[in-house]
Chemist: 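Following this message is one structure expressed as structure tokens.
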Amino acid sequence: MMKFMVTSRGDDVSNTLQQRIKRYLIDFGLKYNEDEPEMIITVGGDGTLLQAFHDYCERLEDTAFVGIHTGHLGFYADWVPDEVEKLVLHIAKTPYQIVEYPLLEVVIRQEGATHSERHLALNECTIKSIGGSLVSTVDIKGEPFEVFRGDGLCISTPSGSTAYNKALGGAILHPSLASIQIAEMASINNRVYRTVGSPLVLPQHHTCLLKPLNDVDIQVTVDHYTLEHRRIKSLQCRVADEKVRFARFRPFPFWKRVRESFIRE
């Protein structure tokens with residue numbers, strides 16, 4: 001008997017669908033369990049799925065996600081409300097394929113702190129200064145690469161490459177590439193200061209280490225969470241050992257998602 005749970009964005013349409021799905025699946029003999037779900041159905045949009053991912057990031061090996069979008073087409077949420085009955089039948093009756101996407105591991109070391117903080121991002125991590133430019137060394141694979149000066153840096157996963165990274169001019173990466181991408185936010189380039197100026201794609205096991213040099217408060221975001229402003233000694237990013245798992249009941253190739261999200265009218 002599979003254990004499941006359903007989350008909602010909180011609007012009336014999503015809440016109604018949430019209750020319908022829950023009732024249908026219980027009628028089919030599945031067990032509703034918020035503590036140890038094997039499948040999490042999110043109703044709302046990509047933000048709803050992102051929230052569920054963070055709520056259950058300790059259970060990634062045991063949990064698969066499936067999303068229903070009640071607004072615009074989601075990048076992670078690919079079912080529509082009219083398909084609820086079909087989806088419920090799939091969940092209750094048919095085997096499903098598991099698709100795994102790479103995640104970003106972020107390790108933050110704070111000035112004066114004895115322990116580091118570890119976070120997982122499904123989309124991206126950003127680092128900016130509060131007031132003024134960010135000045136930070138950028139080490140790649142343990143070697144100095146550049147000193148960055150500018151508004152900040154965005155480090156994204158392949159599935160997150162279509163989000164903030166794309167707005168910064170980064171490339172869209174297929175999630176089969178276990179990698180992270182570093183994109184600059186308004187870097188300063190003149191005769192004195194120089195950065196590479198292009199987004200960088202790092203493969204698995206290549207670590208990016210950022211060490212802020214100027215005495216400013218730093219703001220770090222991990223997906224939709226803003227971590228409080230603080231003095232940061234270093235921020236280390238790499239492809240995480242963990243992956244996020246999505247339940248697929250029908251093919252929806254990544255490039256089709258990209259086309260549907262950005263090109264198709």
Chemist: Apply side-chain contact (heavy atoms from CB on, under 4.5 Å) to the pair E83 and K86, showing each step before the final yes or no.
Modeler: CA-CA 5 Å; E83 299 174 313; K86 188 197 297 186; 4.1 Å; yes
Chemist: To the closest 0.5 Å, what do you measure between CD (Q219) and CG (L134)?
Modeler: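 It is 11.5 Å, given to the nearest 0.5 Å.
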Chemist: Side chain of T48, backbone of G45: donor and acceptor closer than 3.5 Å?
Modeler: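 Yes: the side chain of T48 pairs with the backbone of G45.
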Chemist: Using a 4.5 Å cut-off on heavy atoms from C-beta on, say whether the side chain of V216 contacts that of I218.
Modeler: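 Yes, their side chains come closer than 4.5 Å.
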Chemist: Is the backbone of S159 close enough, under 3.5 Å, to the side chain of T162 for a donor and an acceptor to pair up by distance?
Modeler: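 Indeed, once roles are kept as given, a pair shorter than 3.5 Å links the two residues.
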Chemist: Going by heavy atoms in the side chains, are F145 and T137 under 4.5 Å from each other?
Modeler: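 No, too far: nothing below the 4.5 Å cut-off.
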Chemist: Do V66 and L87 pass the side-chain contact (heavy atoms from CB on, under 4.5 Å) test, and can you show the C-alpha distance, the side-chain angles, and the key distance before you say yes or no?
Modeler: CA-CA 10 Å; V66 60; L87 175 59; 4.2 Å; yes
Chemist: Around atom CG of D27, are there more than 12 heavy atoms of other residues, nucleotides or ligands at under 6.0 Å?
Modeler: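 Atom CG in D27 is crowded, with more than 12 foreign heavy atoms closer than 6.0 Å.
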Chemist: More than 12 heavy atoms of other residues, nucleotides or ligands under 6.0 Å from CZ of R259: is that the case?
Modeler: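 No, because the 6.0 Å sphere around CZ of R259 holds 12 heavy atoms or fewer from other groups.
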Chemist: Ignoring hydrogens and geometry beyond distance, is a side-chain donor-acceptor pair present between Q51 and Y56 at under 3.5 Å?
Modeler: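 Absent: no donor and acceptor within the cut-off.
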Chemist: For the atom pair CZ (R149) and CG (N190), what is the distance rounded to the nearest 0.5 Å?
Modeler: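 Between atom CZ of R149 and atom CG of N190 there are 9.0 Å.
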Chemist: Answer yes or no: does atom OH of Y193 have more than 12 heavy-atom neighbours from other residues, nucleotides or ligands under 6.0 Å?
Modeler: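 No - once you tally the heavy atoms of other residues, nucleotides and ligands closer than 6.0 Å, there are 12 at most.
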Chemist: Would you kindly say whether S129 and D217 are connected by a side-chain donor-acceptor distance under 3.5 Å?
Modeler: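 No, because no side-chain N or O of S129 sits under 3.5 Å from a partner of the opposite role on D217.
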Chemist: Using the rule that Ile, Leu, Val, Met, Phe, Trp and Tyr join whenever any side-chain heavy atoms are under 4.5 Å apart, tell me whether V13 and V80 fall into a single cluster.
Modeler: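 The answer is no; the residues belong to distinct hydrophobic clusters.
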Chemist: Look only at the side chain of Q181 and the backbone of A171, and say whether a donor-acceptor pair between them is shorter than 3.5 Å.
Modeler: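 Between the backbone of A171 and the side chain of Q181 there is a qualifying donor-acceptor contact (under 3.5 Å).
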Chemist: Partners of Y96 by side-chain hydrogen bond (donor to acceptor under 3.5 Å, both in side chains), sequence neighbours excluded?
Modeler: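 Residues passing side-chain hydrogen bond (donor to acceptor under 3.5 Å, both in side chains) with Y96: none at all.
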Chemist: Could you walk me through whether L153 and V138 pass the side-chain contact (heavy atoms from CB on, under 4.5 Å) check?
Modeler: CA-CA 10 Å; L153 291 162; V138 179; 4.2 Å; yes
Chemist: Less than 4.0 angstrom from a charged side-chain N to a carboxylate O is my criterion; do K22 and E34 meet it?
Modeler: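 Salt bridge between K22 and E34, a charged N being under 4.0 Å from a carboxylate O: no.
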Chemist: Examine distances only and state if a side-chain atom of S156 and a backbone atom of N123 form a donor-acceptor pair shorter than 3.5 Å.
Modeler: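 Checking the backbone N and O of N123 against the side chain of S156, no donor-acceptor pair under 3.5 Å is found.
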Chemist: Are any non-hydrogen side-chain atoms of I91 and Y24 less than 4.5 angstrom apart?
Modeler: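 The answer is no, as the side chains (C-beta and beyond) never meet within the 4.5 Å cut-off.
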Chemist: Take the angle between the ring planes of F249 and H90 and call it parallel below 30°, perpendicular above 60°, tilted in between.
Modeler: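 Parallel.
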Chemist: So, F254 versus F75, ring centres under 6.0 angstrom or not?
Modeler: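 Here the rings of F75 and F254 have centres that are less than 6.0 Å from each other.
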Chemist: Can you tell me how far the CG atom of L173 sits from the OG atom of S161, to the nearest 0.5 Å?
Modeler: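 The distance works out to 4.5 Å.
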Chemist: Counting N and O atoms only, with roles assigned by atom type, does the side chain of N33 sit under 3.5 Å from a partner on the main chain of F4, one being a donor and the other an acceptor?
Modeler: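 No, the answer is negative, given that no donor and acceptor are paired below the 3.5 Å cut-off.
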Chemist: For the CD atom of Q19 and the CZ atom of R23, what is their distance to the nearest 0.5 Å?
Modeler: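 One finds 8.0 Å between CD of Q19 and CZ of R23.
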Chemist: Establish, for the pair K166 and Y164, whether the NZ or CZ atom is under 6.0 angstrom from the six-membered ring centre and no further than 45 degrees off its axis.
Modeler: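 Ring-cation test returns no.
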Chemist: Please examine the side chains of E36 and D62, heavy atoms only from C-beta on, and report whether any two atoms are closer than 4.5 Å.
Modeler: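 No, too far: nothing below the 4.5 Å cut-off.
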Chemist: Carefully, step by step, assess E117 and H115 under the rule side chain to side chain donor-acceptor pair (under 3.5 Å).
Modeler: CA-CA 7 Å; E117 289 174 36; H115 299 290; over 6 Å; no
Chemist: Can you tell me how far apart CG (L209) and CG (D139) are? Round to the nearest 0.5 Å.
Modeler: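 Between atom CG of L209 and atom CG of D139 there are 5.5 Å.
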Chemist: Within a strict 4.5 Å, meaning less than it, do heavy atoms of the I21 and V43 side chains meet?
Modeler: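 In short, these two side chains touch, coming nearer than 4.5 Å.
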Chemist: Establish whether L122 and I40 are linked, either directly or via other cluster members, by ILVMFWY side-chain heavy-atom contacts under 4.5 Å.
Modeler: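 Yes, L122 connects to I40 through the hydrophobic network.
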Chemist: Looking at N165 and A183, what are the two nearest heavy atoms and their distance?
Modeler: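 Scanning both residues completely, I find the closest heavy atoms to be OD1-CB, 3.6 Å.
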Chemist: If you measure only the distance, is there a donor-acceptor pair under 3.5 Å linking the side chains of H69 and D78?
Modeler: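 No, no side-chain donor-acceptor pair sits under 3.5 Å.
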Chemist: Checking side-chain contact (heavy atoms from CB on, under 4.5 Å) against C237, which of I180, L210, I182, V107 comes through?
Modeler: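 The residue from I180, L210, I182, V107 that satisfies side-chain contact (heavy atoms from CB on, under 4.5 Å) with C237 turns out to be I180.
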Chemist: Flag the pair H205 / K141 as yes when at least one side-chain heavy-atom distance between them is below 4.5 Å, and no otherwise.
Modeler: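 H205 does not reach K141 side chain to side chain.
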Chemist: With heavy-atom distances below 4.5 Å as the criterion, would you say the side chains of P102 and P175 are in contact?
Modeler: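 Result yes, sub-4.5 Å side-chain heavy-atom pair found.
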Chemist: Testing the basics here: between C125 and V220, what is the closest heavy-atom pair and its distance to 0.1 Å?
Modeler: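 Between these two residues, the closest heavy atoms are SG-CG1, 3.9 Å.
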Chemist: Between F53 and L103, is the side-chain contact (heavy atoms from CB on, under 4.5 Å) condition met? List the steps.
Modeler: CA-CA 11 Å; F53 163 78; L103 297 170; 3.7 Å; yes
Chemist: Should the pair Y76 and Y101 be assigned to parallel (<30°), tilted (30 to 60°) or perpendicular (>60°) ring geometry?
Modeler: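 Rings of Y76 and Y101: tilted, as their planes differ by 30° to 60°.
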Chemist: Salt bridge check: are D241 and R238 linked by an N-O gap of less than 4.0 Å?
Modeler: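 R238 and D241: salt-bridged.
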Chemist: Please determine, by modelled atom types, if H206 and Q204 share a side-chain donor-acceptor pair under 3.5 angstrom.
Modeler: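 No.
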Chemist: Charged N to carboxylate O under 4.0 angstrom, K233 versus E111?
Modeler: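 Salt bridge absent between K233 and E111.
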Chemist: Ignoring hydrogens and geometry beyond distance, is a side-chain donor-acceptor pair present between T226 and T221 at under 3.5 Å?
Modeler: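 The answer is no; no qualifying pair exists.
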Chemist: Examine distances only and state if a side-chain atom of N214 and a backbone atom of V135 form a donor-acceptor pair shorter than 3.5 Å.
Modeler: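 Yes; at least one donor-acceptor contact below 3.5 Å.
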Chemist: Going by an N to O cut-off under 4.0 Å, is there a salt bridge joining D215 and R231?
Modeler: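 Salt bridge between D215 and R231, a charged N being under 4.0 Å from a carboxylate O: yes.
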Chemist: Just by distance, do the side chain of D223 and the backbone of E124 share a donor-acceptor pair under 3.5 Å?
Modeler: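 Yes, D223 side chain to E124 backbone: donor-acceptor pair under 3.5 Å.
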Chemist: With distance as the sole criterion, is a donor-acceptor pair present between the side chains of S14 and T70 under 3.5 Å?
Modeler: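 There is such a pair (donor and acceptor under 3.5 Å, judged by atom type) between the side chains of S14 and T70.
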Chemist: Grouping I, L, V, M, F, W and Y whenever their side-chain heavy atoms are under 4.5 Å apart, do L227 and I232 come out in a common cluster?
Modeler: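 L227 clusters together with I232.
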Chemist: Please check this pair: side chain of D46 against backbone of A77, looking for a donor-acceptor N/O pair closer than 3.5 Å.
Modeler: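 Yes, the answer is positive, given that a donor and an acceptor are paired below the 3.5 Å cut-off.
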Chemist: Just verifying a value: how many Å separate T63 OG1 and F246 CZ, rounded to the nearest 0.5 Å?
Modeler: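 Between atom OG1 of T63 and atom CZ of F246 there are 12.0 Å.
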Chemist: Report yes if some heavy atom in the side chain of I26 is under 4.5 Å from a heavy atom in the side chain of K31; otherwise report no.
Modeler: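 I26 vs K31: side chains apart.
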Chemist: Spell out, as yes or no, whether a donor-acceptor pair under 3.5 Å connects the side chain of D151 to the backbone of M185.
Modeler: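 Here the side-chain-to-backbone pair does not exist.
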Chemist: Under the 6.0 Å and 45° cation-pi test, does K93 pair with F28?
Modeler: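 Output no; distance or angle outside limits.
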Chemist: In plain terms, say whether E38 and R245 are close enough for a salt bridge, that is, a side-chain N and a carboxylate O under 4.0 Å apart.
Modeler: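 No, E38 and R245 are not salt-bridged.
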Chemist: Has E146 got a side-chain atom pairing as donor or acceptor with V196's backbone, closer than 3.5 angstrom?
Modeler: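 The answer is yes, because a donor-acceptor pair under 3.5 Å joins these two groups.
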Chemist: Does N15 have any side-chain hydrogen bond (donor to acceptor under 3.5 Å, both in side chains) partners at least two apart in sequence or in another chain, and if so, which?
Modeler: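 In terms of side-chain hydrogen bond (donor to acceptor under 3.5 Å, both in side chains), with neighbours along the sequence ignored, N15 is linked to S8.
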Chemist: Any carboxylate oxygen within less than 4.0 angstrom of a Lys/Arg side-chain nitrogen, looking at R20 and E85?
Modeler: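 Between E85 and R20 there is a salt bridge, with a charged N closer than 4.0 Å to a carboxylate O.
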Chemist: How far apart are the closest heavy atoms of S179 and V201, and which atoms are they?
Modeler: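 Closest pair (atom of S179, atom of V201, distance): CB-CG1, 4.0 Å.
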Chemist: Report whether V99 and L60 are members of the same hydrophobic cluster (ILVMFWY, side-chain heavy atoms less than 4.5 Å apart, transitive linking).
Modeler: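 Same cluster: V99 reaches L60 through Ile, Leu, Val, Met, Phe, Trp or Tyr contacts under 4.5 Å.
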Chemist: Are F65 and Y32 linked, directly or through intermediate hydrophobic residues, by side-chain heavy-atom contacts shorter than 4.5 Å (ILVMFWY only)?
Modeler: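 In one cluster: yes.
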